[in-house]
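Here the structure is a predicted model, which means the values were calculated and not measured. Residues take their numbers from the sequence shown, with the count starting at 1.
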Amino acid sequence: MAHEFLVKDIAFQAGLSIATVDRVLNGRNGVRKQTELRVRAAIRELEKQQAGVEIQGRKFGIDVIMEAPDRFTDAVRDAFESESATFLPTVFRCRFHFAETIRPQEIVQLLDRIRLRGTDGVVLKAPDVPDICAAVARLEQTGIPVVTLVTDLPNAPRTAYAGADNRVAGETAAYLIGERFSGRPANVLVTLSSSRFRGEEEREIGFRRTLREHYPSIGIVEVSEGLGRDAATGALAAQALSANPGINAVYSIGGGNRAVLAAFSAAGLTCAVFVSHDLDAANLDLLKRRQIHFVLHHDLKTDVRTAFRAIMRRRNAVAASAMPALSAVEVITPYNIPPHAV
């Protein structure tokens, strides 16, 4: 298996022992096909990271762990790979651990394996549950910085949070919907991927509080645990619309927007205003088609830069400084789509 990398670097990227990687590279017996595929994938990732890098500076190997739908993790991967090039000669080598669904205990086990194996830092999007917070504490006690991404773990001793102010995002959604109805009664379907994520909870809190204070004639019907997946989210939306045919607006906190729109169509109902999060490929298409009306967006590249700098600061690679501000929440319409997203 041709390659130009140290065995230890391939082992780090693949999450395998040096001995296992050595057996794969030398074609020895007793290696599972899945293990061989992991090694090949690690080499491809290293080749992609190495491409175009002429100046070698300090290297950081970090682990990025996320439970999120593929459409979001694809955008996150693109942001990490794009921003890595802007930090040269410092090199960030990212190993991605992405899953659409993963049990909290599996995340704990992964965090503990990474702690024992070693890493320069962890970037984490995970549910806010005690076992995960405890695993983060073990990493930090070992001297491994943990940066939470887009959803925080405020009860864990993480190094930093990189993302937007989720309460402000929820308040903004309430304003957009409230002003649309100008004091007239309305009912909003609020969809969460899961109540376990602190960021989604913060968005909902901000949304409910603003409606209660400024738009009391607007009601809320909430569905949760669709995990941002179309099939599950669509089924929950269909049930909500059947039981509450007066729903005429959507605040999509957790995704699955195509399925939610399909549920409205199947029920013969009209959505007067649809507010969603994140300018990923699916939402960009829906926005251009005017099937959704507003996307609350924050720049993932800004979040990645925050994460990189936090890790560098903990590793004494940059001078200590104040943490950058939270990412700005942008209201994107069909008329102000950022050029890089078109």
ask   = Quick one: ring-ring contact (aromatic ring centres under 6.0 Å, His included) partners of Phe98, sequence neighbours excluded?
value =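 For Phe98 the ring-ring contact (aromatic ring centres under 6.0 Å, His included) partners, ignoring immediate neighbours, are Phe96.
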
Do [X] and [Y] pair up side chain to side chain, a donor and an acceptor below 3.5 Å, judged on atom types alone?
X: Arg115; Y: Thr142; result: no
X: Asn257; Y: Asn283; result: yes
X: Thr333; Y: Asn336; result: yes
X: Ser195; Y: Glu225; result: yes
X: Thr35; Y: Arg38; result: no

Residue list, side chain to side chain contact (heavy atoms under 4.5 Å, CB included) with Ser17, at least two apart or on another chain =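 Per chain and number, Ser17 pairs via side chain to side chain contact (heavy atoms under 4.5 Å, CB included) with Ala19, Thr20.
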
task = Can you sort out the partners of Glu222 under side chain to side chain contact (heavy atoms under 4.5 Å, CB included), two or more places apart, ordered by chain and number?
result =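 If we apply the side chain to side chain contact (heavy atoms under 4.5 Å, CB included) test to Glu222, skipping adjacent residues, the hits are Leu192, Glu204, Arg208, Ser224.
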
message = Tell me which one of His298, Arg203, Glu200 satisfies side-chain hydrogen bond (donor to acceptor under 3.5 Å, both in side chains) with Asn166.
response =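 Among His298, Arg203, Glu200, the one meeting side-chain hydrogen bond (donor to acceptor under 3.5 Å, both in side chains) with Asn166 is Arg203.
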
key: Qualifying residues under salt bridge (Lys or Arg N to Asp or Glu O under 4.0 Å), relative to Asp22, sequence neighbours excluded   =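 Counting only residues at least two positions away or on another chain, Asp22 forms a salt bridge (Lys or Arg N to Asp or Glu O under 4.0 Å) with Arg28.
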
request  = Please report the shortest heavy-atom distance between Ile247 and Ala240, naming the atom on each side.
outcome  =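 Of all heavy-atom pairs spanning Ile247 and Ala240, the closest is CD1-O, 3.9 Å.
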
query = Can you tell me how far the CG atom of Leu211 sits from the CD1 atom of Ile220, to the nearest 0.5 Å?
reply =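 Here the interatomic distance stands at 5.0 Å.
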
ask   = Which pairs with one or both residues in residues 142-155 pass salt bridge (Lys or Arg N to Asp or Glu O under 4.0 Å), sequence neighbours excluded?
value =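 Of all non-adjacent pairs touching residues 142-155, those that pass salt bridge (Lys or Arg N to Asp or Glu O under 4.0 Å) are Asp152-Arg158.
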
message = Under 4.0 Å between a side-chain nitrogen and a carboxylate oxygen: does that hold for Arg258 and Asp230?
response =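 No.
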
query = Tell me the side chain to side chain donor-acceptor pair (under 3.5 Å) pairs involving residues 173-182, sequence neighbours left out?
reply =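 Sorted result for residues 173-182: Glu179-Tyr215.
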
